[in-house]
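See structure below.
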Amino acid sequence: MPLVSMRQLLDEAAKGGYGVGAFNVNDMEQIQAIMMAAKQTKSPVIVQASRGARAFAEDLYLFKLIQAAAELNPDIPIAMHQDHGNSFETCKSAIALGYTSVMMDGSLLEDGKTPSTFEQNVDVTRRVVDYAHERGVTVEGEIGVLGGIEDGHGAGGTGLEHVTDPDQAVEFAERTGVDALAIAIGTSHGAYKFSKKPDGSVLKMDLLIKIHGRLPHTHLVMHGSSSVPKDLQDVINEYGGKLKPTWGVPVEEIQLGIRNGVRKVNVDTDNRLAMTGAIRKVLWTQPEKFDPRDYMKPAREAMANVVAQRMTQFGQAGHAGDYAPIPITEIAKGYANGSLDTRPSLAAK
Ligand SMILES: [Zn+2]
């Protein structure tokens with residue numbers, strides 16, 4: 001099937017009360033791992049590429065691989081999403097390639113590092129929404145600033161420096177009309193999220209619940225939501241790695257989020273850990289090996305296992321066949337006639 005609107009995936013997830021994992025890709029093996037897991041668990045899925053991934057793989061290679069995934073898996077709805085677009089131009093170029101969803105992260109300036117003002121964020125996000133919706137493409141915005149740095153993108157620091165203000169989130173949703181909203185509740189990008197198992201002092205689930213209460217029709221997005229499980233860290237360290245002890249977002253906290261409006265859950269680090277652990281194990285235990293397939297195959301399997309586990313935990317498993325995908329051109333009509341409008345003032349009617 002052709003690539004599907006992310007908005008449709010998230011609307012269906014809201015109806016079904018589940019979350020959809022958004023997994024980052026940079027190469028063929030990662031795309032294959034995600035599709036292996038989606039097929040096995042019968043899950044709709046969001047595949048996403050950061051600017052770093054697009055530069056690493058080259059746009060055309062990456063997009064053609066996604067198209068191949070869609071062609072080879074006609075029963076799996078796949079949305080292709082630009083992760084952390086830093087400018088109108090980045091989002092426009094993703095849409096030109098055929099991405100069905102973009103994130104305009106206007107919480108930072110175009111350098112991807114400096115926090116922007118609220119007005120700057122509203123302005124650039126609104127422009128992307130106008131452009132994208134006209135073409136049936138979904139838009140995710142961000143309000144508040146996430147912690148950490150990934151792929152050179154991020155403000156750094158802990159996740160608590162710029163947590164989302166609920167009043168600003170409502171005003172932002174009203175003035176931009178975004179389909180989905182990433183909020184900052186203490187999570188960070190990368191492997192080093194928390195120095196101990198997070199509690200309410202560092203992971204603000206109460207804030208998330210409050211924002212969902214005010215914005216029931218805007219799909220919430222949790223970034224930096226790898227769980228960084230100890231067993232994946234252990235494999236790396238057992239075979240010569242040197243990861244420092246670290247904690248991610250516990251799966252039960254993500255599930256609490258899903259019960260409170262979280263529909264898109266971004267996972268990258270766990271997959272990176274799984275692949276690296278599998279590769280290290282082969283190279284460490286069988287130093288005579290030199291065929292990349294000898295370590296890429298177990299790496300792909302290790303990632304597929306983690307993805308399948310998350311798909312089951314997020315509740316998307318079994319939902320691939322629930323609905324018929326709506327063509328992007330039809331989605332565009334829904335935006336034009338207002339039926340897909342999520343702005344709180346209109347959706348309240
Ligand atoms: Zn992110």
| task | Please list, chain by chain and in numerical order, all residues satisfying ring pair (Phe, Tyr, Trp, His ring centres under 6.0 Å) with His162, sequence neighbours excluded. | result | none
Salt bridge present between [X] and [Y] (N-O < 4.0 angstrom):
| X | Y | answer |
| --- | --- | --- |
| Arg214 | Asp167 | yes |
| Arg175 | Glu119 | yes |
| Glu252 | Lys197 | yes |
| Lys113 | Asp111 | no |
| Lys210 | Asp206 | no |

Does [X] reach the main-chain N or O of [Y] with its side chain, forming a donor-acceptor pair under 3.5 Å?
| X | Y | result |
| --- | --- | --- |
| Thr342 | Val178 | yes |
| Gln120 | Leu109 | no |
| Lys193 | Gly224 | yes |
| Ser116 | Gly106 | yes |
| Gln48 | His81 | no |
| Thr246 | Ala191 | yes |

Going by atom types alone, do [X] and [Y] pair a side-chain donor with an acceptor below 3.5 Å?
| X | Y | result |
| --- | --- | --- |
| Glu142 | Ser107 | yes |
| Glu12 | His319 | no |
| Tyr335 | Asp179 | yes |

| query | What residues form a salt bridge (charged side-chain N to carboxylate O under 4.0 Å, His left out) with Lys196, not counting sequence neighbours? | reply | Asp199
| said: For Glu71, I'd like to know if atom CD has over 12 heavy atoms of other residues, nucleotides or ligands within 6.0 Å. | reply: no
